[in-house]
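Report on one structure; see the data block that follows.
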Amino acid sequence: MMAEMRLHFLGATRTVTGSQYLLETDRARVLIDCGMFQGSPNDVIRNRVPFAYQPGEIDALLLTHAHLDHCGLIPHLSASGFRKPIYATTGTLDLTRLVLLDSAKLQEEFAQSHQRFARRNPDRAAAEDEATTAELAAATKEDPAAATRDASPAAITALRAPLYTVDDTNAALALFHGIDYGAEIQVAPGIMATLLDAGHILGSAIIRVRVREGDQERTIVFSGDLGRPGSPIIRDPTPVTSADWLLIESTYGGKTHEPQEEAIRLLGEAVKLTGDAKGVLLMPSFAIGRTQEIVYELNRLLTAGTIPHLPLYLDSPMATKASDVYRAHLDYFDDDTRALIAQHDAPIDYPDAIVTSSPKESLAIEQAARPLMVVASNGMITGGRIVQHVKALVGDPGMTLLFVGYQGDGTLGASLQQGAKQVRIDGQDLEVHCQVRSISGFSAHADEPELLAWLGNFTSKPRTTFIVHGDPDAQAAFEPKVRALGFATAVPSWRETVELT
Ligand SMILES: [Zn+2]
């Protein structure tokens with residue numbers, strides 16, 4: 001008899017952030033990802049909702065990859081009592097270290113400025129706290145189990161405190177335990193895990209979990225974020241042929257990306273137009289993955305003589321450090337990229353790129369001689385240096401804002417991409433006069449046909465395929481097509497628990 005097993009869906013349900021799943025057997029509790037909710041305030045408030053379990057009772061955390069929406073709550077988890085190993089590829093752990101320390105620093109800075117604001121404006125701060133508390137209560141109430149606990153007071157007093165500090169983060173980093181792709185290891189009593197290359201960013205993994213009770217065995221596969229076949233630098237997503245249960249991401253459900261060749265052509269065209277117009281090409285980009293890919297493609301275009309050699313500003317300390325991690329893990333690169341390295345090309349570098357370190361250098365870019373190109377973080381313009389550049393240049397017809405990545409619902413990036421004529425940044429209303437262009441073909445995520453093709457590798461169908469990590473429209477478009485392939489599907493909601501029987 002197989003013991004009872006439960007899967008708790010604790011994030012990335014009907015949304016693309018906050019990935020977190022808890023697999024529970026009679027003997028063990030294993031978390032898969034512990035990501036931060038990002039994007040709209042409605043989502044972000046969920047980071048303050050107490051964990052749905054006792055962190056001290058978790059046996060292990062398996063991490064798919066280093067993006068903040070998959071790893072961002074780890075220091076909060078460990079500060080709340082989690083002391084067990086965190087397993088991921090060494091590439092993921094190297095990147096996660098950067099991501100979490102940066103996140104902790106931002107949290108501390110934000111908390112300090114919020115506290116200063118509260119001291120100067122006690123009435124307004126009190127009103128805001130009340131509003132946040134109400135939101136928090138509403139978010140907590142969505143989960144009946146949490147509502148019965150004495151959860152809110154602790155969370156309310158913590159509203160102005162950072163979610164975690166740099167010290168919390170350093171304590172969490174001590175729990176990291178690197179494992180190789182393909183090596184199966186026991187992570188908790190009766191629970192074995194294998195990481196398979198997900199082809200999404202460096203080190204990213206699909207996680208296959210085998211649960212063993214006596215001579216019975218069940219397999220659960222967590223797709224993590226799936227990359228696109230044929231993406232530059234890293235390898236393609238690993239085909240998986242069987243599972244008893246499957247969780248698949250659906251970020252691009254209902255969507256088909258431009259072919260990669262078209263994306264590269266559009267990038268080249270934007271560079272050439274910027275050169276001719278002596279303008280500024282501003283590319284908001286995720287620091288990890290997308291930035292390296294854009295630099296790779298710019299370098300290829302330049303080598304091929306397709307684009308003029310415009311100065312490129314890499315205005316993201318995080319992206320610079322992430323590129324160093326990429327260079328330290330050549331073993332994860334695909335054959336094409338390794339061949340370029342063997343020919344003494346430096347495929348993830350752009351000749352004479354200007355790497356800015358201080359905020360002062362960043363601000364000076366706007367005064368620099370044009371034409372020029374800037375790649376800055378973050379990709380959805382919800383924070384980071386990109387925000388100041390957009391603020392300074394959004395009214396400038398000589399600037400082209402080129403979106404090369406996904407824009408989540410409710411973000412500044414999404415509203416600009418959808419053609420907003422006016423935007424509000426730092427409390428200022430600004431008219432939009434810059435050019436806005438988008439390229440979808442650089443996605444680090446498989447599009448719908450690629451997700452369906454990956455599912456097509458299954459020679460036996462899972463009992464249930466859970467569709468996760470997608471906005472509601474994407475999931476609604478995707479689910480019928482997965483069913484049409486013969487998969488039984490479910491779209492779990494936040495904090496839903498499913499018995500795996
Ligand atoms: Zn990701």
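Read the numbers this way: they start at 1 and go in the same order the structure lists the ligands and their atoms. One is the number of the first residue; the rest follow in order along the sequence.
Judged as a ring pair (Phe, Tyr, Trp, His ring centres under 6.0 Å), and not counting sequence neighbours, the contacts of His76 are Phe51. With sequence neighbours excluded, the residues satisfying salt bridge (Lys or Arg N to Asp or Glu O under 4.0 Å) with Arg424 are Asp429.
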Just distance, no hydrogens or angles: give the donor-acceptor pairs under 3.5 Å from side chains in residues 89-97, sequence neighbours left out.
from  : atom 1 : to     : atom 2 : distance (Å)
Thr89 : OG1    : Thr92  : N      : 3.1
Thr89 : OG1    : Thr92  : OG1    : 3.1
Thr89 : OG1    : Gly203 : O      : 2.8
Thr90 : OG1    : Tyr332 : OH     : 3.2
Thr92 : OG1    : Gly203 : O      : 2.7
Asp94 : OD1    : Arg97  : NH1    : 2.9
Asp94 : OD2    : His329 : NE2    : 2.7
Thr96 : OG1    : Thr92  : O      : 2.6

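Ring centroid separation for the pair His70 and His200 does not come in under the 6.0 Å cut-off. Taking the six-membered ring wherever Trp is involved, the centroid distance between the rings of Tyr406 and Tyr252 falls below 6.0 Å.
A salt bridge is absent between Glu108 and Lys105: the closest approach of a Lys/Arg side-chain nitrogen to an acidic carboxylate oxygen does not fall below 4.0 angstrom.
The Zn ion (ligand 1) has His65 NE2, His67 ND1, His200 NE2, Asp225 OD2 as protein N, O or S atoms under 2.8 Å away.
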